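Read through the structure below, which is laid out as structure tokens, and then see the notes.
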Amino acid sequence: MTDSLARHLACIDCGAIQPLGYVLECPRCHGLLELIYDLDALRRAGPGSLRGSGLWRYAPLLPIADPVHRVTLGEGMTPLLEAPRLARQLGVRRLTLKFEGANPTGTVKDRTSATAVGAALQFGFAVTSVVSSGNAGSSIAAYSARAGLRSLIFAYERASAPKLLHMAATTADLVIYKGVYDDLIAIWDRLVEDRLFFDCGASRNAYKHEGKKTIAYEIAEQSGWTPPDVVIAPVAVGETFIAAARGFAELRAAGWIPRVPRMVAAQATRANAVVRAFRTGAAITPLTIGYTVAEGLAAGKPGRKGEWVLRLLRERDGVAGDAEDDAILAAQRTLARVEGVWAGPTGVATLAVLMRLLAERALDPGQDFCVILSETGLKTEAEPPSRTGVAFDEASLRQLVAERLGAR
Ligand SMILES: [Zn+2]
């Protein structure tokens with residue numbers, strides 16, 4: 001089965017139905033739209049009907065109808081790593097790591113770039129655009145180049161040097177913007193209406209959003225169609241969290257998995273608008289934020305997607321937590337030393353939040369946890385620990401090895 005089972009768009013607020021087309025919000029109430037699939041057909045087909053590898057293995061649950069538009073750089077089917085030593089250190093029964101740094105540009109964003117750029121082709125656009133703190137910019141630029149499209153990339157002025165280099169390498173139209181994501185996104189979202197470029201942003205485009213559902217399909221398939229009890233997902237505006245929750249819900253509705261995992265929303269404390277609202281039971285109050293090491297989570301005004309995250313948390317017994325920058329950096333070091341996985345601060349905030357929620361006894365350690373690590377650590381910008389070299393002769397080398405490893 002490789003045909004798309006997408007049938008229509010539905011408003012998440014009023015339920016109004018739209019035919020499949022490039023529509024970004026509900027014409028009746030301006031609510032966000034989500035794609036609806038023929039899940040009865042999926043139920044009848046069963047998991048044995050999946051074909052191919054990588055993200056497009058799940059093409060029936062993605063909205064790109066023509067295989068010619070299914071752009072790829074080899075994204076998806078990232079490793080789901082057992083982490084027994086880290087599980088022991090955290091005192092949990094089982095821990096797995098969904099390492100999104102293994103995607104072609106080192107980020108979970110490659111999933112949405114594949115469907116965003118695929119949709120740009122589907123709807124006949126020649127130019128894509130995105131406002132980015134770094135990862136989305138290079139990912140959209142790379143996928144646009146791959147598809148032969150031009151990309152207009154707006155990048156955060158404090159994005160790490162490796163992220164800026166990556167963006168400059170993959171697009172001729174890189175623009176550095178002043179301030180944080182929140183400062184530009186509202187006006188950029190209004191420019192989308194002019195249709196000079198295809199919306200590859202995180203605010204509204206359901207086709208773009210859709211690619212990230214595949215992370216749930218993979219976690220389920222890699223777990224033998226019995227997903228972990230708890231999945232911890234990062235939340236900036238909420239794309240990964242919402243997409244993962246929807247992906248699991250679709251599989252459950254199609255009878256492919258016995259239950260959906262409990263979802264944990266993880267934020268940086270310096271950009272924790274959703275977590276605050278969850279704790280107080282109120283609506284989201286936008287925050288004016290500064291810098292956090294978790295650059296990709298630096299959004300203080302998560303907008304309607306943030307409200308959607310909150311709704312999913314409240315309706316489905318979710319949990320929300322945040323972590324300070326120093327705890328995120330400590331989790332990054334621990335992960336590298338204990339399991340050999342080098343994730344960036346944006347990617348490892350989920351682990352820091354899990355550690356905190358376990359310490360606060362907000363989660364049952366007897367459960368089976370899966371942490372989404374959304375980016376590689378290889379785009380991190382920092383001074384190397386030392387560049388002072390030592391000139392050895394054999395005696396001094398022997399002495400050092402004996403000191404470090406102990407004399408026999
Ligand atoms: Zn509506």
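Computed from a prediction, not measured in an experiment: that's the story for all the values here. We count ligands from 1, going down the list as the structure has it; atoms in each ligand are counted the same way.
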Which atom pairs, one a donor and one an acceptor, fall under 3.5 Å between side chains of residues 230-249 and the rest of the protein, sequence neighbours left out?
residue : atom : partner : partner atom : Å
E239    : OE1  : K208    : NZ           : 3.2
E239    : OE1  : K212    : NZ           : 2.8
E239    : OE2  : K208    : NZ           : 2.9
T240    : OG1  : K212    : NZ           : 3.1
R246    : NE   : E34     : OE1          : 2.8
R246    : NH1  : E210    : OE1          : 2.9
R246    : NH2  : L35     : O            : 3.0
R246    : NH2  : E210    : OE2          : 3.4

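- Here OG1 of T269 is found 6.5 Å from CD1 of I328. Values are rounded to the nearest 0.5 Å.
- By the side-chain hydrogen bond (donor to acceptor under 3.5 Å, both in side chains) test, R311 is found to be paired with D13, residues two or more places apart in sequence or in another chain being considered.
- Near the Zn ion (ligand 1), less than 2.8 Å away, sit the protein N, O or S atoms C11 SG, C14 SG, C26 SG, C29 SG.
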Show me the donor-acceptor pairs within less than 3.5 Å that the side chains of residues 42-54 make with the rest of the protein, sequence neighbours left out.
residue : atom : partner : partner atom : Å
R43     : NH2  : A253    : O            : 3.0
S49     : OG   : G46     : O            : 2.7
R51     : NH1  : G48     : O            : 3.0

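- By the 4.0 Å N-to-carboxylate-O rule, R356 lies too far from E324 to be salt-bridged with it.
- With no hydrogens or angles considered, a side-chain donor-acceptor pair links T78 and E100 at under 3.5 Å.
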